[in-house]
Student: 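First, the structure itself, so that you have it in front of you.
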Amino acid sequence: MINSTGFQRFGDKQNSAFFEEYLQRLLDERDRCGLTDMIGGIEALMITVEPGNSLEYVSELSLMTPYHYLVTLDSPKHLTHVLRIDMNSPDILLREVKDPDYSDIFRNLNDMYPIGEHRHHSRYLGEILLATDRHEVVAQQQAREFRFFSIGQLAELDLPINVSISRPSAYTQNVVGYMERADNEIRVYQHGDSVILGPMQAAYERGKEMQERLAINDLILPIDHLATRVYSQNREAALLEYLALSSYYYWGSYDIKDQNSSTNVTKNVRHAPESASPAKVFTASNLPYCVNHLDRLPSPTETFVRNYGPRLHHIALAVKDGERSGKEHIDFVVAAIAAQGKGFLLDTIGSREEGLKQIFSAASAYSSLILEYVQRFGDFQGFFTHDNVAMLTFAASLADDVPPY
Ligand SMILES: [Fe+2]
């Protein structure tokens with residue numbers, strides 16, 4: 001049996017007594033009832049974009065990430081493009097809505113927020129986790145009061161039928177799915193007709209040719225972490241919820257005082273590298289917006305959540321350690337991509353001495369998601385530095401659209 005509570009704790013953010021007590025109880029119970037053993041790592045991420053936007057987004061991801069276009073699943077309401085690095089890293093299921101007037105629960109979530117509503121369909125839906133026994137995992141989670149879409153609802157939402165999917169979280173608005181796969185099997189999504197679309201293949205090949213020409217194709221590595229922003233008061237509940245639904249453990253929380261925010265990290269319990277199952281990070285303001293007029297502190301995380309709703313803020317990709325043409329790899333990669341017209345919110349920050357360098361791209365025009373690049377130097381084991389996170393958070397806040405009211 002895996003023990004989810006024996007890990008070293010990092011961080012300087014103080015949690016409530018409630019959190020510490022229930023964290024221990026929740027992980028103990030999860031281990032004891034077999035869920036930790038039955039739930040594996042992240043198999044896939046699901047992202048939805050507006051009608052007509054997936055071609056350009058695939059082209060962008062081909063240039064800026066290690067992902068390859070594999071196949072398109074053509075179903076009644078969506079074209080779902082399967083993007084894959086290999087079987088050692090999660091897939092991306094990129095769903096393009098076919099009809100602009102289409103409406104479902106995910107669109108309704110976007111439409112609740114003053115900036116989110118500008119792109120009705122563009123949102124990160126959540127992750128699909130590996131399960132050794134999908135029906136047993138779902139039955140146990142339902143018995144613990146977690147809610148799932150019924151088979152009929154999944155058909156109506158036009159999602160793969162071999163994946164069980166939770167209803168969106170009240171705290172993160174993300175879903176968690178479960179699918180089965182034997183160790184030696186490839187991932188298969190039972191969803192619509194499999195087709196390779198000529199224009200999509202061509203857009204993908206253009207992106208990859210450019211990546212090769214720029215000599216950055218061997219430098220950008222798989223996903224390192226996924227960062228979700230939540231309301232201040234939901235920080236601890238969002239962490240506990242994700243730990244209940246996954247087999248991750250609580251790594252620790254850092255207080256980013258400069259930005260009145262905290263970064264809260266969970267990692268996979270099997271010591272798999274982040275490339276196989278990325279860390280899940282939750283960011284929350286230290287104070288809710290309703291008291292912000294009293295202290296007038298910076299409040300970029302809470303402002304983002306009020307504008308877009310709780311949701312994924314960025315996908316971080318690792319960059320191979322080393323130098324090319326006299327530049328550290330991350331600077332080489334960023335210079336090459338920026339020369340292709342892609343924006344970045346700031347210069348790379350951090351240094352070899354501090355252990356890592358990071359940067360945020362501008363939010364994608366197609367998904368609204370930011371890409372982060374992170375290069376760790378030598379044997380640096382830390383996840384981030386306070387100063388870097390404060391600067392990244394500040395830079396992202398300057399780039400956020402101004403709400404219409
Ligand atoms: Fe990050």
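Here, residue 1 is the first one in the sequence, and each next residue gets the next number. Not measured: the values here are computed from a predicted model. Just so you know, ligand 1 is whichever comes first in the structure, and atom 1 is the first atom listed for that ligand.
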Student: When you check the side-chain N and O atoms of Ser169 and Tyr242, is any donor under 3.5 Å from an acceptor?
Tutor: no

Student: Does a side-chain N-to-carboxylate-O contact under 4.0 Å join Arg107 and Asp111?
Tutor: yes

Student: Can Asp224 and Arg376 be counted as an ion pair, charged N to O under 4.0 angstrom?
Tutor: yes

Student: Would you call Asp218-Arg324 a salt bridge at under 4.0 Å N-O?
Tutor: yes

Student: On the six-membered ring of Tyr289, is Arg306 placed so that its NZ or CZ lies under 6.0 angstrom from the centre and within 45° of the ring axis?
Tutor: yes

Student: Just to be sure I understand the site: which N, O or S atoms from the protein are less than 2.8 Å away from the Fe ion (ligand 1)?
Tutor: His225 NE2, His314 NE2, Glu372 OE1

Student: Quick one: side chain to side chain contact (heavy atoms under 4.5 Å, CB included) partners of Asn217, sequence neighbours excluded?
Tutor: Gln211, Glu212

